[in-house]
Amino acid sequence: MSPATLEKASEKVVSAPKVRRTKLLINGEWVDSRSGKTFATYNPATEEKIADVAEGDAADIDLAAKAARKAFESGPWSKMDARDRGRLLNKLADLAETHLEELAGLETLDNGKPIADSRAADLPLAIDCLRYYAGWADKLVGETVPIRGNYFCYTKREPVGVAGQIIPWNFPLLMVAWKWAPALAAGCTIVMKPAEQTPLSCLRFAELALEAGIPPGVINVVPGYGPTAGAALVKHPDVDKIAFTGEHRTAQIIMADAAQTLKRLTFELGGKSPNIIFADCDLDAAVAGTEFGLFFNQGQCCCAGSRVFVEQSIHEKFVEKLIARAKQRKVGNPFDPSTTQGPQVDKAQFDKILSYIGKGNEAGAKCVTGGKRIGDKGFFIEPTVFDRVTDDMPIATDEIFGPVMSVLPFKDFDEVVTRANKTIFGLAAAVWTRDVGKAHRIAKSVRAGTVWVNCYDVFDAAAPFGGFKMSGIGRELGAAALNNYTELKTVTMSLD
Ligand code: ADP
């Protein structure tokens, strides 16, 4: 099935929205980069250029950081009541809802994700996140502390200052919401560098933030490349904190770059998450959850359930059902509402995924479905399942970030726990079983920031998310994320 065939088959193919913003947003103004340079952003379904976007660099980051500093220290943001900050976040959520179709379309255009997913997942989750943190803005309270002597001691939570935020391309707008919402609720100002592959929805969202009444300079957006714009943001002395989502190797560079200014750092990084299927599970639910847990978003999820451990006694049956489901996925034009899998985000990812499929074959894993490119235009790859994968094969150790699943049979509980933990990562894990005790024992034994039981990829703005080991530092979402954007201050007053 080719993308073109699918396009003809559907009558309700959505048209791509108009691109309204391609410049940098600094201090409330849309400006060209100081160098005058631009870079192209491409539609991964057609490989055609969508637009040229202003390419920020160190000089632009400097202007943006200074604007954010000023807005933080002396601008209207510093004087605004916390409750009013919450009101503005709610207003932005309302505007996102009003423009849901346009924003979902931009996301699909720039990233390639199916429009059905942009509409049903990315946008609603982003909007919910804004509303959740809007509620937190006026609830960041301290404590009174009973210390020795005749003193009154209390703590208060203050904004950390200027937050530098660097995000990836897999959930462009959702990452914006995860980063902006807690930062704004806490009273920080922002310089954001979106991913070079997907800057468009972030720029349009920033325009809506201005429309919502968030004052100029509070949110600055500087698209550009990592080693230039990103690195300049990490090193800038006016930036107090870096929140980064991306690869662990990039995080290592950021950590070294941040040492000079001792920036606060939070990282949400990659994974190689174990998805454990016990023989006593609800088999159909487990198969459906396993398919979703890996293939959702073209496999481009940091928490993708890419190592599927299946208990030996149900292994054959499970794989048979899994193949049937993988084959049913509708790969094609992401603007067709019936499409369930779009293209990979760009040529680099596409090539990397195909090279891992090659490595899986070379290592002797059994490719039971998929394994090839679809069509000759756009970065489409068949949903691919490898069976009989062993722990040391590259497809079992490395994050592939594509629609490639590894099935690894196991014998018993202790064995699967040891093997599940045999990874440098610790972002997420899942277990499928009807035995409550077993589920809790897995939840206790697996070293991962999130454990799903009889479900996968259940996200909520209120539930903290982040990694053990090399999957990250700190937590996003929930009350936990507010710690990333606040400093604790202790005040002690003599009562004499
Ligand atoms: P991915 O492989 O998903 O693109 P990256 O970690 O390379 O993951 O990219 C995530 C984000 O980090 C992007 O916005 C990218 O531009 C940025 N980035 C890449 N290298 C650096 C760097 N040296 N310093 C700061 N940011 C960087």
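Note that this is a predicted model, so its numbers are computed, not measured. Atoms within each ligand, like the ligands themselves, are counted from 1 in listed order.
Of the protein's heavy atoms, Glu247 N, 3.8 Å lies nearest to atom 8 (O) of ligand 1. Of all protein heavy atoms, the one lying nearest to atom 23 (N) of ligand 1 is Ile253 CG2, 3.7 Å. Looking at atom 17 (C) of ligand 1, its nearest protein heavy atom turns out to be Ile166 CG2, 3.6 Å. Of all protein heavy atoms, the one closest to atom 12 (O) of ligand 1 is Phe244 CE1, 3.2 Å. Closest to atom 1 (P) of ligand 1, if we only count protein heavy atoms, is Trp169 NE1, 3.7 Å. For atom 25 (C) of ligand 1, the nearest non-hydrogen atom of the protein is Gly230 C, 3.4 Å. Nearest protein heavy-atom neighbour of atom 22 (C) of ligand 1: Gly226 O, 3.5 Å.
For ligand 1, the atoms closer than 4.0 angstrom to any heavy atom of Gly246 are 6 (O). Of all atoms in ligand 1, listed by their number and element, those nearer than 4.0 Å to a heavy atom of Ala231 are 24 (N), 25 (C).
Contact annotation: for Glu196 versus ligand 1, heavy atoms closer than 4.0 Å belong to the side chain alone. Of the heavy atoms in Phe401, none comes closer than 4.0 Å to ligand 1. Residue contacts with ligand 1, taken as heavy atom pairs separated by less than 4.0 Å, involve Ile167 solely via the backbone atoms N, CA, C and O.
For the residues Ile254, Asp257, Thr250, the heavy atom positioned nearest atom 21 (C) of ligand 1 is part of Thr250.
A salt bridge links Asp52 to Lys49: at least one charged side-chain nitrogen sits closer than 4.0 Å to a carboxylate oxygen. In this structure, Asp398 does not pair ionically with Lys272, as no charged nitrogen and carboxylate oxygen lie closer than 4.0 Å. Using a cut-off of 4.0 Å between Lys/Arg side-chain N and Asp/Glu carboxylate O, Arg329 and Glu382 are scored as not salt-bridged. With salt bridges taken as basic N to acidic carboxylate O contacts below 4.0 Å, none links Lys352 and Asp346.
Ring centers of Phe39 and Tyr225: under 6.0 Å apart, within the cut-off. Less than 6.0 angstrom separates the ring centroid of Phe205 from the ring centroid of Trp180. Aromatic ring centres of Phe459 and Trp452 lie closer together than 6.0 Å.
The aromatic rings of Phe401 and Trp169 lie perpendicular to each other, with more than 60° between the two planes, well past the 30° mark.
Not one N or O of Tyr225 is nearer than 3.5 Å to an N or O of ligand 1, by distance alone. Not a single N or O atom of Thr245, backbone or side chain, sits closer than 3.5 Å to an N or O atom of ligand 1.
The cationic atom of Lys347 (NZ for Lys, CZ for Arg) does not lie both less than 6.0 Å from the six-membered ring centre of Phe350 and within 45° of the ring axis.
Checked by atom type, the side-chain pair Lys179/Thr245 shows a donor-acceptor distance below 3.5 Å.
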